[in-house]
Visitor: 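Handing you this structure, nothing more for now.
Chain A is the first sequence line, chain B the second, and so forth, proteins listed ahead of strands; every chain is numbered from 1.
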There are 2 protein chains.
Amino acid sequence: MSITLQMNQLDITAMFKALGDPTRLRIFEFLRACGAPVAVEESGDVRPLVGPTVGDICCHVTGNERVTSSISFHLKELRLAGLITMERRGKNMICSVNPEAIVLLAQYFGTTPSVGNSDCC
Amino acid sequence: MSITLQMNQLDITAMFKALGDPTRLRIFEFLRACGAPVAVEESGDVRPLVGPTVGDICCHVTGNERVTSSISFHLKELRLAGLITMERRGKNMICSVNPEAIVLLAQYFGTTPSVGNSDCC
DNA sequence: TTAATATTTCTAGTATTGTCGAACTGATTA
DNA sequence: TAATCAGTTCGACAATACTAGAAATATTAA
């Protein structure tokens, strides 16, 4: 288990809440488009191997060279929701989507839900 | 085109925002589980044919017999986000998920995003 | 027409969220 | 070690969102 607090139990409401902000959705889509590979630990933790830095993300999303506290805040929200992972690489933090989250969300909408709940309709 | 203001242009951020509230997600999941059939107009509008009433939903979600303004508020949010549709049936309003929204969301997570954005990583 | 039922809208209060600038931390370079 | 670079955290403020109760609307029943 890693030292840093990781959200291993994926909460679908938290994910939707995180994706419900336009800035965060842009960050998420940027990271998805990057499609950087990740390492999966025995513990289940996911770590990025390569990927854009916080600065790259900030530049892409805001056009700003300097990393803003706002971007940092949104990255934290995405991380706590289990949607992305980050890891220090020298002076930088490199970022990546959490593929497990994508799988979970794809399943959530892809599968036909169980029909026939007797207490409805 | 229907008289009531309908959101025909589906906005993915608005959908995530709507699903990011636990009460709304419960309502949405209940409606999905009901799996009630809908009618699709030439205009593209989707109308429920059968489905639970607002009272049914309120009862299921809050355990409360009386419909609360809070449930009404959340239903409106889901409706404005394009996730559900509602129609009057006598004294009641009957509700249903918008299948187009489910398809859109399934595609959003199901498809592999276009990789190779040169300005990333 | 009046009453009752089902639901929405309005208003106000509280809580949560996003933004900004300043201060702080960790890692590298001089 | 000092300076710099890359990001994060903190504190304050504005904006937004959720909740609750009261009043309003639409439909049906008496």
Visitor: Using atom names, set out every protein N or O paired with an N or O of nucleotides 28-30 of chain C below 3.5 Å, distance rounded to 0.1 Å.
Guide:
none

Visitor: Does C/dT5 have OP1 or OP2 under 4.0 Å away from a side-chain N or O of B/Asn92?
Guide: no

Visitor: When the distance from CG of B/Leu75 to C1' of C/dA6 is rounded to whole Å, what number comes out?
Guide: 13 Å

Visitor: Could I get a table of every N or O pair under 3.5 Å where one atom is in the protein and the other is in nucleotides 16-19 of chain C?
Guide:
{"unit_1": "C/dT17", "atom_1": "OP1", "unit_2": "A/Lys17", "atom_2": "NZ", "d": "3.1"}
{"unit_1": "C/dG18", "atom_1": "OP1", "unit_2": "A/Arg24", "atom_2": "NH1", "d": "3.4"}
{"unit_1": "C/dG18", "atom_1": "OP1", "unit_2": "A/Arg24", "atom_2": "NH2", "d": "2.9"}
{"unit_1": "C/dG18", "atom_1": "OP2", "unit_2": "A/Arg24", "atom_2": "NH1", "d": "3.3"}
{"unit_1": "C/dT19", "atom_1": "OP2", "unit_2": "A/Ser70", "atom_2": "OG", "d": "3.0"}
{"unit_1": "C/dT19", "atom_1": "OP2", "unit_2": "A/His74", "atom_2": "NE2", "d": "2.6"}

Visitor: Check the distance between C/dT8's P and B/Leu78's CG and give it to me in whole angstrom.
Guide: 12 Å

Visitor: Please classify the nucleic acid contact of A/Arg88 as base, sugar-phosphate, or nothing, using heavy-atom distances under 4.0 Å.
Guide: sugar-phosphate

Visitor: Find the distance A/Ile71:CD1 to C/dG21:P and express it as a whole number of Å.
Guide: 14 Å

Visitor: Would you please name every residue forming a side chain to side chain contact (heavy atoms under 4.5 Å, CB included) with B/Lys76, sequence neighbours left out?
Guide: B/Arg79, B/Leu80

Visitor: I need the B/Leu25 CG to B/Phe28 CZ distance, nearest 0.5 Å.
Guide: 7.5 Å

Visitor: Going by the rule side chain to side chain contact (heavy atoms under 4.5 Å, CB included), which residues pair with A/Val61 if we only count those two or more places apart in sequence or in a different chain?
Guide: A/Thr23, A/Arg26, A/Ile27, A/Ile57, A/Ile71

Visitor: Partners of B/Glu87 by salt bridge (charged side-chain N to carboxylate O under 4.0 Å, His left out), sequence neighbours excluded?
Guide: B/Arg47, B/Arg89

Visitor: On DNA chain D, which is the earliest and which the latest nucleotide, 5' to 3', with an atom closer than 4.0 Å to a heavy atom of chain A?
Guide: D/dC5 to D/dT9

Visitor: Return the set of residues passing side chain to side chain contact (heavy atoms under 4.5 Å, CB included) with B/Ala18 (not counting sequence neighbours), or none when no residue passes.
Guide: B/Arg24, B/Leu78, B/Ala81, B/Leu83

Visitor: Which heavy atom of A/Val97 sits nearest to which heavy atom of A/Leu31, and what is that distance?
Guide: CG1-CB, 3.6 Å

Visitor: What pairs with A/Pro99 under side chain to side chain contact (heavy atoms under 4.5 Å, CB included), at least two apart in sequence or on another chain?
Guide: A/Val38, A/Val46

Visitor: State which residues pass side-chain hydrogen bond (donor to acceptor under 3.5 Å, both in side chains) with B/Arg88; sequence neighbours excluded, sorted by chain then number.
Guide: none

Visitor: Which atoms form the tightest heavy-atom contact between A/Gly82 and A/Asn98, and what is the distance?
Guide: O-ND2, 3.0 Å

Visitor: Could you tell me the separation between the CG atom of B/Asp56 and the P atom of C/dT5, rounded to a whole number of Å?
Guide: 17 Å

Visitor: Separation of A/Met86 atom CE from C/dG26 atom P, in whole Å?
Guide: 15 Å

Visitor: Looking at CG of B/Leu105 and OH of A/Tyr108, how far apart are the two atoms once the value is rounded to the nearest 0.5 Å?
Guide: 10.0 Å

Visitor: Can you say whether the rings of A/Phe109 and B/Phe109 are parallel (under 30°), tilted (30 to 60°) or perpendicular (over 60°)?
Guide: parallel

